[in-house]
Each structure stands twice: as C-alpha cells, then as structure tokens.
Trainee: 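Below are the structure tokens for one structure; questions will follow.
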2 protein chains.
Amino acid sequence: MVSPFLENMALWMSHSPDDRAIVYIVDDDEALRRALDRLFRSVSLETRSYGAVREFIGAQRPDLPGCIVLDVRLPGTNGLEFQAQLGDLGINLPVVLITGHGDIPMTVRAMKAGAVDFLPKPFRDQDMLDAVSTAINRDRSRRAAEDLAAGLKDRFATLSMREREVMMLAASGRMNKQIAGELGLSEVTVKIHRGAAMRKMGARTLAELVRMADALNLAREH
Amino acid sequence: MVSPFLENMALWMSHSPDDRAIVYIVDDDEALRRALDRLFRSVSLETRSYGAVREFIGAQRPDLPGCIVLDVRLPGTNGLEFQAQLGDLGINLPVVLITGHGDIPMTVRAMKAGAVDFLPKPFRDQDMLDAVSTAINRDRSRRAAEDLAAGLKDRFATLSMREREVMMLAASGRMNKQIAGELGLSEVTVKIHRGAAMRKMGARTLAELVRMADALNLAREH
DNA sequence: AATTGGCTAATACCTTCGTGTTATCTCCGA
DNA sequence: TCGGAGATAACACGAAGGTATTAGCCAATT
C-alpha cells in the first residue's frame, strides 16, 4: 500500500485507465487532421490519424472506447460506403462524419446508418467536441453491455448440451417433471442437470436464471 | 354466422381492419397536399389533410397506425419545433419531413429527433411511399409493444400495495421466508399475497412473473 | 489399460411452494 | 349498522424443488 499522498498524485497527474478514449481521424487533408489532433488532445483525448481508409483498417486498435471522425470525400473508398462496411469488418465504433460538399440525401443516409453527427465544413470546434463526446459515451455504453453479455456467453459455453436444454426449459417456466417428459429423462436426472446449470451460470435463484436466459436470447437475435 | 361466400367477399373488397393506416399531411401548400393525398390513396392508405399545425393538433385522430408527413416551413409553428413537441403532446406518430429549402444542420437535427426520413422538394413519389411505409411499420411495432405493456399495467393496477411489494420481491428471486422478513410479515401471509399477485397478473409460473416485472420496470424507466 | 467427463437413474431427506380452511381486525361505503 | 375488501395469521396437506450418495454406461484421452 503506497501512501495516500502518492495515490492522489497519480489521480491528479493522469486519467485513470477507465477514462481513456481514442479518436480515430480518417481524412486525406493533412492540415485538417493536425488541427483535429490538437483539438482532441486539448481535451485529453488520445488520437490516431489516417490519410486513407486502408490505413485505418490495417492499423492495430487498442481495446479502448473511442470513435471515428471520418471525412465523406476520401481517395479510394467513399466515406459513406466505408461507414456501411464497418459492421461487416467487426468494427462497432460510432462515426462522426464531416464533409465539404454534402447534400441532404447524403446526410439522411449517414444518419439512418447510425452516424452520431454529420458536420459540414467549416464546423465549430465546440460542435465537433460535442459530437465526439456523444459518440464516445455511446461506445462506452455499448462496450459495457457487451462485457456483460460476454461474461454470460463464456459461462454458458461451459454447459453441456443437456444442461443447456434443461436450463432453457427451466427458464421458460417448465417444471422438472415437464422437462423430464419433453426430454425423455427421469425427474432426478433433470434436477442434476438443472443444478449444474445454476452452479455453472452463477445463478442463485430461478429469477436470475430467467434473466440470464433472456439476455442470451436477446444477444443471439442481435 | 354468415356464409363463407360473403365472408370472402368482404375480404376481397376491403382491407381487413388490421391493415388500415392513416397518413396525416401537414403542409400549407394546398396543391402539394392534394398531390400527396392522391399518391397515398393510390396505395390504399387513408389520409387526413391539414394546412397548419394548429388544425392537426385540434383534430380527432382515430386509434389506428399511421404517420405524419410534415413540411418544415409552415405558417405559425416551425416544423422542427413541432416535431420536438410531439412527445409532450402525447403524440407518438413517426414523422416524415419534407422541405423546399433545407440544409444539413436542419437535416441532422430532424434525424436526431427521430424523423423517419427527410425529403427535399421535389421528391420522387417512390421515395415518399418508401418513407411512409417505413414510418407506418415503425408505428405498428410501437403500438403492438404498447398494447402488451398496457395490458400488463392494467393487471398490475388491480393489485393491492402489499401484493405489488410481494410480487416485486418474488420476481427479484427472494424466497417467501425472506420476503416475510423484509416486510415484517408471516410466511403464510406472504404466500397469500404472492398467490393473489400471480392470479391477478395471469402468471402461471415464476418465470412469467419475472418477465412481467421486468417489462413493467422497463416501461417505467421509459 | 486406466482415467476422465458426460449422461443416466434410484433412494433418501429436507426445504420450499401452493392452496384450502378458519379466523380476527380495520376501513370504507351503502 | 351491515357488508365487503384488504391485511394478517395459524394449521395442515400435497406438490415441487434441491442435494447427497451410489452406481452403471459410454466415448475420448492419456
């Protein structure tokens, strides 16, 4: 245990790891990239800068909350098309779009695709900061929800097939006797599998098991 | 019981009530209103036409799925401000916006506020029909979810205070013994309230009660 | 060949749940 | 003042849940 003084020192001098966030800037205009870089660093956000979509895709991204600031007009790939591809690439970062020559249909398309904001150039610094702040908060929420779901999935993966079947039927409200009938088992065997499922999932009550089963099904439908 | 022939006649000649939907047109341009009216009626949608926001607010609206087609530039109230007020007025109809002189910030604001689409004039008939179709489907989903929640709320309203307390604690996974301790009751009394809650809510298993309790809490947070 | 893990099942024991019966007390409206 | 609804509670019985012990079977791995 270090002294309270040193602990407070650390808090004052740097963000705790939970506060870190990265803005990925994708724009072919190097001057604008540098300006954005300064802007974001001035509010203690980390930045990564890319001149083309390909560079961004190929780069390593740390496992931290963040967002993408993306120019619509880019060499090679179009910004809107890239936005649409992000999901397929397994990238779930929120997107803030900027454009020099945008029109309304383009804006509508971007917003329908889930963009956090769509800023025509020139934009005010504060508008950009607001958009990025919203985007990062959205990513934090998504990551938090995903972490919960991941924990559930990990525990569910340790269940045997029988245990999964019994768990789902139990979570649907079936009695042990009914489960035994539907699966062609004895009631005792069902109790064993049910108990194992509760233990492996970390559920202490049926109510918890019901909520876990619902969360797993929701995660799958998504 | 009428004859099968007459029943089928009715099906062929009109939409079943479940298919009905209404488009509320709010625009001060009477020529455009008439054109939209013809367009929507050509695809068997019902229409109501208003030249000003005030007319729409004062009008009676049947309890059917529908959407609003709203011009941004209107005499009196601004279309975007009206869109923002809809929630406060208890109107949850999806909005399709049209505009003659729109810009990007206006579009972003409208889409952030939940507009289904934002169409600059002149627009193609098919784009308008697509937007309205999406909007009405969204309203159908919302109404279906709301009907379910309303049924739950009605049943929950018939519970006494004690029954509600016991239901919530039971749905959280507490045993009757624990509930009795927390509420300062005997276990027998808890069983009576719990049984009454299950019966009044129409829940046949604890799993159903858990899901009902969750749905009620989600509905409240919303 | 031996071991491990998964699936099955019976027996036994205790806990918890659900319900019916009976009963007392309070409050409120007819 | 009577009747009804709500809340409380004890007693009793049967249904259901949970766990421990023991044990047989099978497939895969060591």
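Lettering of chains follows the sequences in order, A, B, ..., and the numbering in each one begins at 1.
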Trainee: Counting side-chain heavy atoms from CB outward, which of C/dC17, D/dA7, C/dA10 is closest to B/Ser160?
Mentor: D/dA7
Trainee: State whether the side chain of B/Arg164 and the backbone N or O of B/Leu159 hold a donor-acceptor pair below 3.5 Å, judged by distance alone.
Mentor: yes
Trainee: Whole-Å distance between C/dG6 P and A/Arg164 CZ?
Mentor: 11 Å
Trainee: Checking contacts here: which listed nucleotide (C/dT16, D/dA10, C/dG18) is nearest the side-chain heavy atoms of B/Lys191?
Mentor: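 Within the option list, the nearest is C/dG18.
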Trainee: Ion pair present between A/Arg211 and A/Asp214, side-chain N to carboxylate O less than 4.0 angstrom?
Mentor: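 Answer for the salt bridge query: no.
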Trainee: Using the closest heavy atom to pick a nucleotide of DNA chain D for each, name whichever of A/Glu187 or B/Arg162 lands nearer the 5' end.
Mentor: B/Arg162
Trainee: Out of D/dA7, D/dT8, D/dA10, which has the shortest distance to the side chain of B/Leu185?
Mentor: D/dT8
Trainee: Closest approach to the side chain of A/Lys177, judged atom by atom: which nucleotide of D/dA16, D/dA20, C/dT16 is it?
Mentor: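 The closest nucleotide is D/dA16.
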Trainee: Has A/Arg61 got its NZ or CZ under 6.0 Å from the middle of the six-membered ring of A/Phe56, at an angle within 45 degrees of the ring axis?
Mentor: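 Judged by the rule, A/Arg61 and A/Phe56 form a cation-pi pair.
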Trainee: What I want to find out is whether A/Arg33 reaches A/Asp28 closely enough, with some N-O distance under 4.0 Å, to be called a salt bridge.
Mentor: no
Trainee: Got a second to check how far A/Phe156's CZ is from A/Met168's CE, nearest 0.5 Å?
Mentor: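 Between A/Phe156 CZ and A/Met168 CE, I get 4.0 Å after rounding to 0.5 Å.
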Trainee: I'd like to know if A/Asp37 and A/Arg41 make a salt bridge, using a cut-off of under 4.0 Å between side-chain N and carboxylate O.
Mentor: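 The answer is yes: the pair qualifies as a salt bridge.
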Trainee: Between A/Leu159 (CG) and C/dG5 (P), how many Å, whole number?
Mentor: 16 Å
Trainee: Considering only D/dA20, D/dA7, D/dA10, which nucleotide approaches the side chain of B/Ser186 most closely?
Mentor: D/dA10
Trainee: To the nearest Å, how far apart are B/Gln178 CD and C/dT16 P?
Mentor: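 In whole Å, C/dT16 P lies 9 Å from B/Gln178 CD.
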Trainee: Enumerate the residues from residues 192-213 of chain A whose closest heavy atom to DNA chain C is under 4.0 Å, giving them by residue number; use none for an empty result.
Mentor: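 A/Ile192, A/His193 - these, ordered by number, are the residues of the stretch whose heavy atoms sit under 4.0 Å from the strand.
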Trainee: For C/dT16 and B/Asn176 - does any side-chain N or O of the residue sit under 4.0 Å from the phosphate oxygens OP1/OP2?
Mentor: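 No, B/Asn176 has no side-chain N/O under 4.0 Å of OP1/OP2 on C/dT16.
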